[in-house]
2 protein chains.
Amino acid sequence: MAFWVVVGFLARPTPDLDGWQHTRWPVASRAPSGEMSGQPSASSGLVPGRTARRPSARRFTMTTKSAAKTAASRPRSRSTLHAGPVTLEMVAQAAGVSPSTVSRILNGTAVVSAAKKQAVDEAIAALGFVPNPVARGLAGGRTLSIGVVALSIDSPFYGVAMRGIEDELDRAGYSPLFVSGHWNVEEELRCIELLKARRVDGIIVLTGRLSDTALRAQARALPLVVTGRNLKAPGLCSLGSDDEAGARLATQHLLDLGHRRIAFIAGDAEHPDADARKRGHLGALQDAGIAPDPALIQQGDYQEAGGQLAVDRLLQGRQRFTAIFSANDQMALGALLALYRRGLRVPDDISLVGYDNLAVAQFATPPLTTVHHAGYEMGQTAAAAMLSLLSGVKPTQRLAPPRLIVRESTRRLTG
Amino acid sequence: MAFWVVVGFLARPTPDLDGWQHTRWPVASRAPSGEMSGQPSASSGLVPGRTARRPSARRFTMTTKSAAKTAASRPRSRSTLHAGPVTLEMVAQAAGVSPSTVSRILNGTAVVSAAKKQAVDEAIAALGFVPNPVARGLAGGRTLSIGVVALSIDSPFYGVAMRGIEDELDRAGYSPLFVSGHWNVEEELRCIELLKARRVDGIIVLTGRLSDTALRAQARALPLVVTGRNLKAPGLCSLGSDDEAGARLATQHLLDLGHRRIAFIAGDAEHPDADARKRGHLGALQDAGIAPDPALIQQGDYQEAGGQLAVDRLLQGRQRFTAIFSANDQMALGALLALYRRGLRVPDDISLVGYDNLAVAQFATPPLTTVHHAGYEMGQTAAAAMLSLLSGVKPTQRLAPPRLIVRESTRRLTG
DNA sequence: TTGAAAGCGATACCAC
DNA sequence: GTGGTATCGCTTTCAA
């Protein structure tokens, strides 16, 4: 996208217009004709801002067929000094073609003669034209932006997923619009409405709390990609990861090391993947012929504090166990602290396995054995799937299966 | 903002139009009249999408004075069944007023009679009207969105800052647009251009790599808030935190505990605050009459691995030291691991202080003594400052001074 | 106070 | 292949 590179923007308010006053920032493409009036609205809660219209400088328009070659009579002729947002129309004039043609070249909507294409490309480069996504959004219905609903903008796991989305979308000229649902269904819905109001072209939901039904409904209005689920619906692409298999890997690893009494710290039950991880753990135990001990299963919340409390409960209950599998790394970190507080060493006294392979996991003391849950890749894949959806191609992306990362928090049970 | 609550959106493509085909998602407010033609463009790299115009259903317009009461003849009359984006114009019709009046009420741009206001408010509620920010952006020049340039979307420290921004802006009806510069000046500039292309109303730069001069220049075109700096310029609000004082606090704490040989792990030199933290450390030493030993100062990079390597170098160099002050928590985590690997216990053998008070710091083993660098609050304050700037008020926000958080990674030097 | 209408900057129909 | 131009949904003159 060559035309996307150069941008010519206002360095200072255009001084060539009549009535310019002391407004500091040129608002969009308008040159102010005076200060705004009016009070902050009760509805919007905000001052209208320093917007005003070009008072005399009227854009040329040719409502009737007769107004043919008026181009030269345009009031604000282009000059390097009086820079302002360069419009498609300016490019058209400079290249001596119609706006339609420029648009066609920009979007590849139709075949244009090589000569005109070159003229337009040159004009674009010369003027430093950047298409205005806002106008594009209004006119074309597409804003080249994708809404991303995350649980929280500062989530350690989804943070890297967001980076993956960002990188992948960027390559296609799309921008992500991140909003956070804060672990709350209503807020997630509000986020989606906000994104739709902003006319995003599609929405990526990173797991989230919404019901499958709600997601299906949304997908009827807008392309939707959702991670952490497995559901089928028109216009919807779900990218489930096999958390059950991942959890099996973790528990199996502990079993392989000779552990038999393995405590499990469950994730937030509201989270769809929490149950899968629990099933994986129980499944692995069962396959090994071990009856799960309910006392060894502690409810957590996917947060550090939850892991810490879970271990405290385990210890207070005087449960015998030689290993812990925590349904995510964050809780494992809390577990690590709880064990440390009691003077229990990892892995000498207790082996510990996490899940997710967060960046911090490798810097825990000791570095955490965990299940790699590819966050960055998940984001990238979700974005790629969205781009497929948008281009009308059925997305075929799938997530890589989870894999075990053995570090230093687990060891063979001896004695 | 009462009108912001309800949204009526397309559940399925409007079936009342002629020529409807198998398009899946209604693009913006248009009902398709057929499939799109054309190839993906070399410029945009993307398929144009399934956009099409309403073929016959023409919006009513009154170009001449004579076309007075045509409202009733409007082709697509409003009905609950044929829901579609509710426009301001529909509200106007429902309320029996002109679009201008609705706009005035929405924005508080002018005084409107109570009766009309009520009628409009009711119509808004009844139709579930939500103003289209895209159209607003085009027409008014304001998009109610603020660009936020971060180093990375998944930065642990700036993550919480972003949350602060999000929360604060949300209360004013603004949305943040997060973009990442990836620790790279060129990319940061590219981000800013992208944000300007998307017509954000202002930009918040979270520290970043841009030079003060570059920032000043940007501020001439758009309101700008920048954290981690102290610079003055028109249209610019900088929110510097006193990192020097914070670092002094950390080193002073170690001195108070009787430590004399204190190693320092410096932050990424490209970061403006890294130098301040180093100065604070050296200043505290100097005040205590201790000559800094260059061998005890190790360069880090603000990443975990950097902290780990720094400690490795310290240990390999057989330096004598009883405490370490790491210029941020991430490096402190790495330091913790390096010490653990050598069998050195924190705080028994070595005391360790970090900086930032990341969420993970309190779950390190042992929980990290650190300097609280209010990320969330920083974001909130930056957003508030931006809102001030936008409303023409000179921002007076300041950041709270850093403060020491004593946890378990430091102890009094005995013997 | 209120309404009419001219844009904002693109897109994509429709005709040539 | 092109150009004209009617929108998109809203803001803000200007005139009444």
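Side chains are part of it too, since the values below use all heavy atoms of this structure and drop only hydrogens, waters and symmetry mates. Note that the structure is predicted; figures quoted are calculated from it, not measured. In what follows, chains are A, B, ... by sequence order, proteins preceding strands, each numbered from 1.
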Undergrad: So what does B:V102 hit on the nucleic acid, given a heavy-atom distance under 4.0 Å: a base, only sugar-phosphate, or nothing?
TA: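 Nothing, no nucleic acid heavy atom in range.
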Undergrad: Return the value, rounded to whole Å, for the distance between atom CG of A:N107 and atom P of C:dA10.
TA: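 It is 11 Å, rounded to the nearest whole Å.
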Undergrad: What is the separation between atom CD1 on B:I105 and atom P on D:dG9, rounded to the nearest whole Å?
TA: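 That distance rounds to 20 Å.
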Undergrad: When the distance from CG of B:L127 to C1' of D:dG9 is rounded to whole Å, what number comes out?
TA: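 My rounded result for the distance is 15 Å.
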Undergrad: Pick the nucleotide of DNA chain C nearest each of B:V111 and B:P99; which residue has the one closer to the 5' end?
TA: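 Going by which nucleotide is closer to the 5' end, it is B:V111.
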Undergrad: Whole Å only: how far is the CZ atom of B:R142 from the C1' atom of C:dG9?
TA: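 Computing the B:R142:CZ to C:dG9:C1' distance gives 18 Å.
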Undergrad: Has the side chain of A:T87 got a donor or acceptor atom sitting under 3.5 Å from an opposite partner on the base of C:dA10?
TA: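 Absent.
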Undergrad: As a quick check of understanding, evaluate side chain to side chain donor-acceptor pair (under 3.5 Å) for B:S98 and B:T101, giving each step before the final call.
TA: CA-CA 5 Å; B:S98 74; B:T101 303; 3.2 Å; yes
Undergrad: As a test of reading the structure: which of C:dA10, D:dG3, D:dT2 is closest to the side chain of A:S113, going by heavy atoms?
TA: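 Given the options C:dA10, D:dG3, D:dT2, the side chain of A:S113 is closest to D:dT2.
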Undergrad: Is it the case that B:R198 and B:S145 place a side-chain donor and acceptor less than 3.5 Å from each other?
TA: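 Checked: B:R198/B:S145 side chains show no N/O donor-acceptor pair below 3.5 Å.
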Undergrad: How long is the line joining CZ of A:R136 and P of D:dG9, in whole Å?
TA: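 Computing the A:R136:CZ to D:dG9:P distance gives 19 Å.
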Undergrad: Considering only side-chain heavy atoms of A:L88, which listed nucleotide, C:dT11, D:dG3, D:dC10, is closest?
TA: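 The listed nucleotide nearest to A:L88's side chain is C:dT11.
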Undergrad: Round to the nearest Å and state the distance from A:L138 atom CG to C:dT11 atom C1'.
TA: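 Those two atoms, CG and C1', are 11 Å apart.
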Undergrad: Between B:A114 and B:A135, which residue's closest nucleotide on DNA chain C lies nearer the 5′ terminus?
TA: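 With B:A135 and B:A114 compared, the 5'-side residue is B:A114.
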Undergrad: Using whole Å, what does the distance between atom C1' of nucleotide D:dG9 and atom CZ of A:R198 come to?
TA: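 Between C1' of D:dG9 and CZ of A:R198: 15 Å.
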Undergrad: Quick one: does any side-chain atom of A:D201 pair with a main-chain N or O of A:I146 as donor and acceptor, under 3.5 Å?
TA: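 Pair absent, no side-chain N/O of A:D201 close to backbone of A:I146.
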Undergrad: Check for a donor-acceptor pair, side chain of B:N107 on one end and backbone N or O of B:S103 on the other, with a separation under 3.5 Å.
TA: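 Checking the backbone N and O of B:S103 against the side chain of B:N107, a donor-acceptor pair under 3.5 Å is found.
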Undergrad: At less than 3.5 Å, do the side-chain atoms of B:S100 and the base atoms of C:dA4 form a donor-acceptor pair?
TA: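 Counting by modelled atom types and ignoring angles, a donor-acceptor contact under 3.5 Å is found here.
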Undergrad: Looking at B:T101, I'd like to know whether one of its side-chain N or O atoms comes within less than 4.0 Å of OP1 or OP2 on C:dT2.
TA: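 It does not, given that no N or O in the side chain of B:T101 lies less than 4.0 Å from OP1 or OP2 of C:dT2.
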Undergrad: Can you tell me the distance, in whole Å, between the CG atom of A:N132 and the P atom of C:dG7?
TA: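 A:N132 atom CG is separated from C:dG7 atom P by 18 Å.
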Undergrad: Does any donor-acceptor pair link the side chain of A:R104 with the base of D:dG3 at a separation under 3.5 Å?
TA: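 It does, because a donor-acceptor pair links the side chain of A:R104 to the base of D:dG3 below 3.5 Å.
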Undergrad: Counting only side-chain nitrogens and oxygens, does B:K117 get under 4.0 Å of the OP1 or OP2 atom of C:dT2?
TA: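 For C:dT2, OP1/OP2 do not have a side-chain N/O of B:K117 under 4.0 Å.
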Undergrad: Main chain of A:I105, side chain of A:T109: is a donor-acceptor contact present, judged purely on distance under 3.5 Å?
TA: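 Not confirmed, A:T109 side chain does not pair with A:I105 backbone.
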